[in-house]
Each structure stands twice: as C-alpha cells, then as structure tokens.
Amino acid sequence: MVDVPPGLEEIRLHDTRTRETRRFVPLVEGRVGIYTCGPTVYAPQTLGNMRSQLFPDLLRRVLAAAGYDVTYVTNITDVGHLVSDADDGDDKMEKAAAASGETAADIAARYTEQWADDRRRLGCLEPDVLPRAADHIAEQIAMVETLEAQGHTYVIDDGVYFDVTTFPRYSEFADLRLDDLESTGRIEGIAEKRNPADFALWKLTPPGVKRQQEWDSPWGRGFPGWHIECSAMATRYLGTTFDVHTGGVDHIRVHHTNEVAQSECALDVHPWVGTWLHNEFLDLGGEKMSKSKGHVLVVDSLVERGIDPLAYRYFFLQAHYRQKQAFTFDAVAAAGTALRRLVGHAVSARDAAAAGAASGADAPDPARVDPYRRRFWAALADDLNAPQALAVVWEAVRSDELSPADRWAFLADADRALGFGLADAAAPDADESGSDPRIDALVAERATARAERDFATSDRIRDELAAEGIELIDTPTGTTWRRA
RNA sequence: GGCGUCGUGGCCGAGUGGCUUAGGCAAGGGACUGCAAAUCCCUGUACGCGGGUUCGAUUCCCGCCGACGCCUCCA
C-alpha cells in the first residue's frame with residue numbers, strides 16, 4: 001500500500017461539467033487517467049499556453065502523491081486545425097508551412113521539440129503518452145464512421161459534419177443557449193450546414209487542390225476536423241471513459257463541448273469524463289505593449305531577461321489555477337527571488353540533514369513534521385490551492401520548532417508537488433572561486449589590501465568586478481565570488 | 001449587445017460573518033561587515049463606491065463604477 005501523506009486522504013476538485021467542487025473518486029480504484037489538450041505546433045507556445053501545462057503537471061503530481069497510479073496523456077496537434085470553418089481549406093499548419101517555405105512536417109517537428117523543451121525547463125514531468133494526431137488518422141476515421149452509422153452525421157461539399165440536434169445534451173456541458181449562438185452568428189460561412197453549431201468531423205480537399213497533409217477516407221481525400229483527434233486519441237490510450245480531462249477555459253464552449261458530443265455518441269457513454277478541469281488565463285494586461293510590438297511571450301523571453309524558467313513555475317503556484325493571474329516580468333522576477341531563497345533554505349536544511357544522518361543524530365520527527373505536511377497537502381487537496389500550500393512551506397522554512405532534518409523531510413516531501421527539484425538543487429549562491437584565475441587573483445589582491453586596511457584599493461577592486469557582473473561574498477572564512 | 005468572472009496594503013496574490021484578520025516580493029528598522037553586497041531577524045500599510053441583511057461584513061444580498069474573459073476552432 002502506498003503511504004498517503006496526511007491531509008491528502010480526500011481530494012476535492014471543481015468539475016466544470018457539473019459546476020461543483022466535489023470529492024475525486026477514480027473510475028478504477030488506485031488508478032487515474034488524465035488527458036490534456038496539447039499544443040497545435042505551428043508556432044511557439046506562449047507563457048499563457050504553458051500555464052495550461054503547469055496546471056495538469058501540478059494535478060498529476062498531487063494525485064501521484066495521493067497514491068494513485070497516474071497515466072498522463074497529452075497530444076500534439078500537427079494536422080488540420082482550421083483557422084475557421086469559413087476558411088476554404090487553409091489551416092494553421094499549411095499556412096505556417098507556406099509562410100516559411102518549410103514542410104508542415106518540419107514545422108511540426110521543430111515546434112514540438114521546442115514545446116517539450118519548454119515543459120522540461122518549467123519542471124514538468126514527461127507525459128506517459130504523447131500521441132500525434134497525424135499518427136492516429138485511422139482511429140479518427142473509425143470514430144467518424146461509427147458516428148455516421150449511428151446517424152449523427154451528414155455530408156456536404158465541404159466535408160462530414162456532426163449534427164448537434166442528434167445529441168440532445170449538446171448544450172448541457174457548457175450551459176450553452178443555442179439561440180444565442182445563432183443570433184451572434186457563431187460559425188458562419190458554411191451555408192449548407194444544418195445548424196450553426198454543427199462542426200466538421202472530416203474536411204474534404206476541394207477538387208484540383210493538393211494539400212501537404214491529406215489522407216484518403218471513405219468520404220474522399222481530406223483531413224480530420226480538429227475536435228475528433230482528442231476523442232480518438234483519448235479513447236485509444238485511456239479507454240471509452242476516463243477520469244480527468246484538462247484544458248484552458250477557452251476550450252469549454254466549443255472544443256470540449258464538441259468532444260463530449262462526438263465521444264458520448266460514438267462510445268455510448270455518459271458521462272464520458274469523470275472530472276473536467278479548466279485553468280483560467282494568464283492576464284497579459286501589463287504586457288500588451290510587447291504583444292502589440294509583435295513579441296510573443298515565451299519561456300525564452302524570461303531567459304533573455306535573466307529569469308530562471310522555474311521562477312515562472314513558482315509564479316504559477318502563487319495563484320489559484322481557476323483565477324486569472326496578472327503577468328508582468330517584475331512579478332515573475334519577484335517569484336524568482338522567492339524561489340532562490342527557498343532553494344537556499346532547502347539546500348542548507350538538506351546538507352545539515354545529511355550531516356546529521358551521517359553522525360546518526362537528528363532524525364526527522366514525524367510529530368513535528370506531520371502538522372506541516374498535513375496543512376500543506378490539505379491545501380492542495382482542496383481544489384489544488386497551491387498559494388496556500390506555498391504559505392505553509394514558508395512557515396515551515398521559518399519555523400523554530402523544526403530541526404534542519406525536520407525541515408528537509410518536509411521540503412523533500414512537499415517538492416513532490418512543487419516540482420522545484422530541491423533534492424538535486426545547487427545552492428543559489430554557488431561559489432565560483434577557482435574557475436577563473438584572473439578573478440581569483442584580483443580577489444586575493446583585495447584580500448591583501450583589506451588585511452593592510454587599504455580600503456581604497458579593496459573597494460576599487462570590488463567596484464571593478466561589480467562592473468563586470470562579479471559579486472563578491474565576504475565571509476568570516478574568506479571571500480568567494482559568483483557571477484550575478 | 002448577451003453571458004460570465006473579478007476588483008484585497010507599493011506589487012503578485014490566498015482567505016474568512018467576529019479569532020494573533022495568509023504567503024511571497026518590494027519598503028523601513030536591526031544583526032553581520034572596515035563600509036558594502038549576500039544572508040538572517042523584526043515592522044508598517046488592505047479588503048473599488050453606495051445602500052441593505054446582521055449584535056457584527058472585507059466575507060451574504062442589491063445597485064453603481066472599473067478591469068478582464070467568452071459569444072469568431074485561441075491555453
């Protein structure tokens with residue numbers, strides 16, 4: 001039996017479908033399947049997109065800590081994804097390919113790799129399964145055929161469409177009012193569509209057109225509609241029903257509504273997914289200037305400003321996932337400062353704990369550690385309240401009643417959810433002495449000057465090094481340095 | 001226009017019908033230092049506006065103002 005931390009015996013999550021926060025119970029005891037809508041790899045993923053990666057990463061970490069055997073599936077959307085149904089066959093992948101002169105496959109490969117790299121830099125665990133839509137055309141066609149056999153579809157010149165009137169629950173998921181859709185003119189342009197909300201399952205390539213990405217199908221040459229890929233891949237890797245589906249709030253009304261419709265019809269299940277979780281958006285209000293200048297905010301935007309990508313992870317954890325979070329570089333830099341100090345505390349506690357363990361003394365005492373653990377995990381168990389969990393972390397760090405071994409026992413445990421890599425983290429004020437003879441010589445020269453109380457010379461050397469970004473740290477045992 | 005979310009101290013942000021009214025960053029003070037830096041410790045400032053319910057509201061209700069989101073396949 002897996003040891004469940006105190007406070008994590010019962011996890012409560014806010015389900016979008018039922019609009020209530022309730023106890024999480026998996027379909028199969030001890031196991032959890034999670035599906036997250038992945039990136040469309042025609043452009044770099046923004047920091048906003050990455051919030052939708054950090055969120056399910058936190059979720060799976062918490063569920064794993066609670067003892068569940070988690071299967072995490074997220075996809076790569078590397079085909080189709082129309083700019084709009086009104087478009088005449090142009091889609092994002094084809095468009096990006098035309099713009100850069102590369103093949104759609106090249107572009108998909110490049111941005112897939114960049115996305116994966118960004119995830120790693122943010123401390124996200126690797127997906128257990130990472131299916132690509134282009135590799136699952138057969139599954140998608142099969143699902144459309146099933147829907148067709150059941151009478152949920154119709155074919156027009158443009159392609160195969162799902163008739164939403166054949167699924168009476170269509171408006172339930174997102175609490176849609178279909179009259180409104182009509183009056184606001186959602187999805188215009190395909191005149192032959194029977195209902196405004198009907199969506200494409202398979203798009204046909206117009207006669208005389210040759211696309212980079214197209215496949216033969218029972219209906220003719222073309223490519224799958226966007227929504228069908230998630231249903232098809234989730235079914236293949238997680239089964240006809242599964243526990244958790246996540247995504248950004250923008251997907252609720254269209255993408256996930258359509259996923260539910262086609263899945264519940266084709267698979268004859270209800271509800272298709274046990275718990276739907278949606279994260280709110282990052283509010284770029286403070287950075288609209290940079291957006292309008294055409295600069296996309298990505299992980300590298302942080303690195304360029306000397307901000308550790310993990311600072312963004314800390315930043316993410318400071319706000320609740322269902323709340324909009326105001327992004328500014330200053331706010332992320334502030335999170336970086338907090339993280340650096342937290343790592344410093346963790347490393348010293350870790351080292352002290354190791355030293356204590358070596359001498360056989362100072363073992364962590366559960367009686368002292370568990371109250372903190374309980375509050376930490378209980379915060380996360382309460383619909384993933386990471387900000388509150390982080391507050392408990394700081395209380396533990398500053399607590400006088402915890403020994404270094406206690407503190408490290410707590411932090412090592414908490415880091416399973418935080419994901420800062422504390423067990424392997426280097427001290428943030430790492431000494432670089434010895435790595436550069438010229439600087440070491442200057443430091444030695446300054447030490448001599450100080451010994452002779454020639455502070456004019458010692459301060460001059462310090463200022464010169466500071467000017468080139470070298471920070472000196474004077475300690476009772478001597479001076480070390482590092483690059484700031 | 002319709003629907004919805006939100007407005008907390010300099011900033012980011014939890015939370016609660018009354019309790020020592022989170023946490024981080026910044027700021028001020030202190031320790032340390034030859035002076036600094038780094039580090040550690042301490043401290044202050046809050047609940048958009050106007051009504052209402054209540055013994056008591058930042059927390060519940062109504063209105064207003066403001067911000068943001070969705071309604072156009074965008075995380």
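In what follows, chains are A, B, ... by sequence order, proteins preceding strands, each numbered from 1.
Closest to the side chain of A:Gln325, out of B:A75, B:G15, B:G13, is B:G13. The side chain of A:Arg462 sits closest to B:A36 out of B:A36, B:A14, B:A75.
Between the P atom of B:C3 and the CZ atom of A:Phe173 lies a distance of 22 Å, rounded to the nearest Å. Atom-to-atom, CD of A:Gln318 to P of B:G23 comes out at 13 Å; the value is rounded to the nearest Å. Following rounding to the nearest Å, A:Asp330 (CG) and B:G24 (C1') show an atom-to-atom distance of 15 Å. Atom C1' of nucleotide B:C71 and atom NE2 of A:His255 are separated by 18 Å, given to the nearest angstrom. We find that CG of A:Asp175 is positioned 18 Å from P of B:C70, with the value rounded to whole Å. In this structure, A:Ile252 places its CD1 atom 11 Å from P of B:C70, rounding to the nearest Å. The CD-C1' distance, from A:Gln323 to B:G4, rounds to 13 Å in whole Å. Rounded to whole angstrom, the span from the OH atom of A:Tyr372 across to the P atom of B:G23 amounts to 12 Å.
Aromatic pair A:Tyr161/A:Trp202: ring centres not closer than 6.0 Å. For A:His227 and A:His256, the distance between ring centers is not under 6.0 angstrom. Under the 6.0 Å cut-off for aromatic ring centres, A:Trp226 and A:His251 qualify, their centroids lying closer than that. Aromatic rings from A:Trp272 and A:Phe242 are positioned such that their centres are separated by under 6.0 Å.
Remark: A:Arg375 fails to qualify as a cation-pi partner of A:Trp377 under the 6.0 Å distance and 45° angle criteria applied to the six-membered ring.
Comparing B:A38 with B:G4, their P atoms sit 50 Å apart, to the nearest whole Å. One C1' atom belongs to B:G9, the other to B:G44, and the distance between them is 10 Å to the nearest Å. For the C1' atoms, the distance from B:U54 to B:U20 is 25 Å, rounded to whole Å. Nucleotides B:C25 and B:A57, compared at atom P, are 34 Å apart to the nearest Å. A gap of 27 Å separates the P atoms of B:C60 and B:G1, to the nearest Å. Comparing the same atom, C1', in B:C70 and in B:G13 gives a spacing of 24 Å after rounding to whole Å. Separating the P atom of B:U53 from that of B:C61 is a span of 15 Å, rounded to the nearest Å. Between B:A37 and B:A26, the two P atoms lie 13 Å apart (nearest whole Å).
Applying side chain to side chain contact (heavy atoms under 4.5 Å, CB included) to A:Tyr170 and the options A:Asp163, A:Val260, A:Thr257 leaves one that passes, A:Thr257. In summary, of the residues considered (A:Leu384, A:Asp383, A:Val249), a side chain to side chain contact (heavy atoms under 4.5 Å, CB included) with A:Arg322 occurs for A:Asp383 alone.
For A:Arg446 and A:Lys324, each mapped to the nucleotide of RNA chain B holding its nearest heavy atom, the one lying further toward the 5' end belongs to A:Arg446. The residue among A:Arg322 and A:Asp382 whose nearest nucleotide of RNA chain B lies closer to the 5′ end is A:Arg322.
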RNA chain B base-pair string [pairs: Watson-Crick or G-U under 3.5 Å; |: paired with another strand]: (((((((..(((.....[....))).(((((.......)))))....(((((..]....))))))))))))....
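At the heavy-atom level, A:Thr46 lies nowhere under 4.0 Å from the strands shown. Counting non-hydrogen atoms under 4.0 angstrom, A:Phe315 reaches the backbone sugars and phosphates but no base. Residue contacts shown for A:Arg398 are limited to sugar-phosphate atoms, with no base heavy atom under 4.0 Å away. Across all strands shown, A:Gln53 has no heavy atoms under 4.0 Å from either base or sugar-phosphate atoms. Looking at heavy-atom distances under 4.0 Å, A:Leu339 makes no contact with the nucleic acid at all. Heavy atoms of A:His227 sit under 4.0 angstrom from at least one base atom. Across all strands shown, A:Ala338 has heavy atoms under 4.0 Å from sugar-phosphate atoms exclusively, and none from any base.
Stacking between A:Phe455 and B:G34 is shown: the ring centroid lies under 5.5 Å from the centre of the six-membered base ring, and the planes differ by under 30°. The stacking criteria are not both satisfied for A:Trp394 over the base of B:G24, which would need a centre-to-centre distance under 5.5 angstrom and an angle between ring planes under 30 degrees.
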Under 3.5 Å, N/O pairs linking protein and nucleotides 37-39 of chain B:
from, atom 1, to, atom 2, distance (Å)
B:A37, O2', A:Glu471, OE2, 3.2
B:U39, OP1, A:Arg340, NH1, 3.0

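For A:Phe281, the ring pair (Phe, Tyr, Trp, His ring centres under 6.0 Å) criterion is met by no residue, not counting sequence neighbours.
With respect to the salt-bridge test (charged N to carboxylate O, under 4.0 angstrom), the residues A:Asp463 and A:Arg460 do not qualify. We find that A:Asp57 and A:Arg61 are joined by a salt bridge, their nearest charged nitrogen and carboxylate oxygen being less than 4.0 Å apart. Salt bridge annotation for A:Arg17-A:Glu172: absent, with no cationic side-chain nitrogen under 4.0 angstrom from a carboxylate oxygen.
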Full working for salt bridge (Lys or Arg N to Asp or Glu O under 4.0 Å) between A:Arg450 and A:Asp474: CA-CA 11 Å; A:Arg450 289 181 74 206; A:Asp474 290 331; 3.5 Å; yes
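One can find a donor-acceptor pair under 3.5 Å joining the base of B:G34 and the side-chain atoms of A:Asp459.
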